[in-house]
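Have a look at the structure below before the remarks.
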Amino acid sequence: MTQINLLGFNGPAPHSIIYWQQGGEDQSKTVCYTPDEEKWALDRFHTAGDYYYKTYDKAVVDYGDEVVDYPHSLRKGA
């Protein structure tokens, strides 16, 4: 009998999910399992010249019971 391993199912719940937006539309998402992973991703959004800084104009962080918007205007130097 063949055993099937499912990745991403029945695992730990994420700490947060970041939806990366451009022009009001979700373009990508990052699943963060720890506050450190979330901080690392949002730091990239706030770092001039980084891919996330150049590509997206808003980060929407979904905590399950709360949603927090980080628009471009809140970034350093924006």
Side-chain angles (χ1 to χ4, degrees):
M1 178 175 227
T2 303
Q3 180 179 354
I4 298 174
N5 293 318
L6 300 177
L7 300 175
F9 295 92
N10 299 321
H15 166 73
S16 63
I17 300 174
I18 304 172
Y19 295 93
W20 304 103
Q21 294 186 350
Q22 180 64 29
E25 296 288 327
D26 292 348
Q27 301 296 314
S28 183
K29 72 178 178 182
T30 300
V31 179
C32 303
Y33 290 97
T34 67
D36 286 341
E37 288 178 344
E38 179 187 304
K39 181 183 180 316
W40 176 81
L42 290 174
D43 282 350
R44 292 189 65 187
F45 183 61
H46 292 89
T47 301
D50 187 275
Y51 173 81
Y52 287 87
Y53 184 94
K54 295 186 297 185
T55 305
Y56 306 113
D57 60 15
K58 187 176 185 182
V60 178
V61 184
D62 185 346
Y63 294 101
D65 59 348
E66 178 184 17
V67 176
V68 179
D69 289 353
Y70 291 93
H72 207 290
S73 62
L74 295 179
R75 297 189 318 186
K76 297 173 189 168

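Any value given below was found using the heavy atoms of this structure, including those in side chains, with hydrogens, waters and symmetry copies removed.
- Partners of Asp26 under the side-chain contact (heavy atoms from CB on, under 4.5 Å) rule, at least two apart in sequence or in another chain, are Tyr19, Gln21.
- Asp57 places a side-chain heavy atom less than 4.5 Å from the side chain of Gln22.
- Contacts of Lys29 classified as side chain to side chain donor-acceptor pair (under 3.5 Å), with partners at least two apart in sequence or in another chain: none.
- Ring geometry for Tyr52 against Trp20 counts as tilted: the plane angle lies between 30° and 60°, on a 0 to 90° scale.
- Across every non-hydrogen atom of Ala59 and Phe45, the tightest pair is N-CZ, 3.9 Å.
- With sequence neighbours left out, the side-chain contact (heavy atoms from CB on, under 4.5 Å) criterion links Thr47 to Asp50.
- Under the rule for a salt bridge (charged side-chain N to carboxylate O under 4.0 Å, His left out), Asp62 has no partner lying at least two apart in sequence or in another chain.
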Worksheet item: Can you check side-chain contact (heavy atoms from CB on, under 4.5 Å) on Trp40 and Cys32, steps first, answer last?
Response: CA-CA 10 Å; Trp40 176 81; Cys32 303; over 6 Å; no
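- Among residues two or more places apart in sequence or in another chain, the side-chain contact (heavy atoms from CB on, under 4.5 Å) test is passed with Thr55 by Tyr51.
- Shown here for Tyr56 and Ser28, the closest heavy-atom pair between the two residues is OH-CB, 3.5 Å.
- His15 places a side-chain heavy atom less than 4.5 Å from the side chain of Glu38.
- Remark: Ser16 OG to Lys39 NZ distance equals 13.5 Å, nearest 0.5 Å.
- Summarising the geometry, atom NZ belonging to Lys58 is positioned 12.5 Å from atom OH belonging to Tyr70; distances are rounded to the nearest 0.5 Å.
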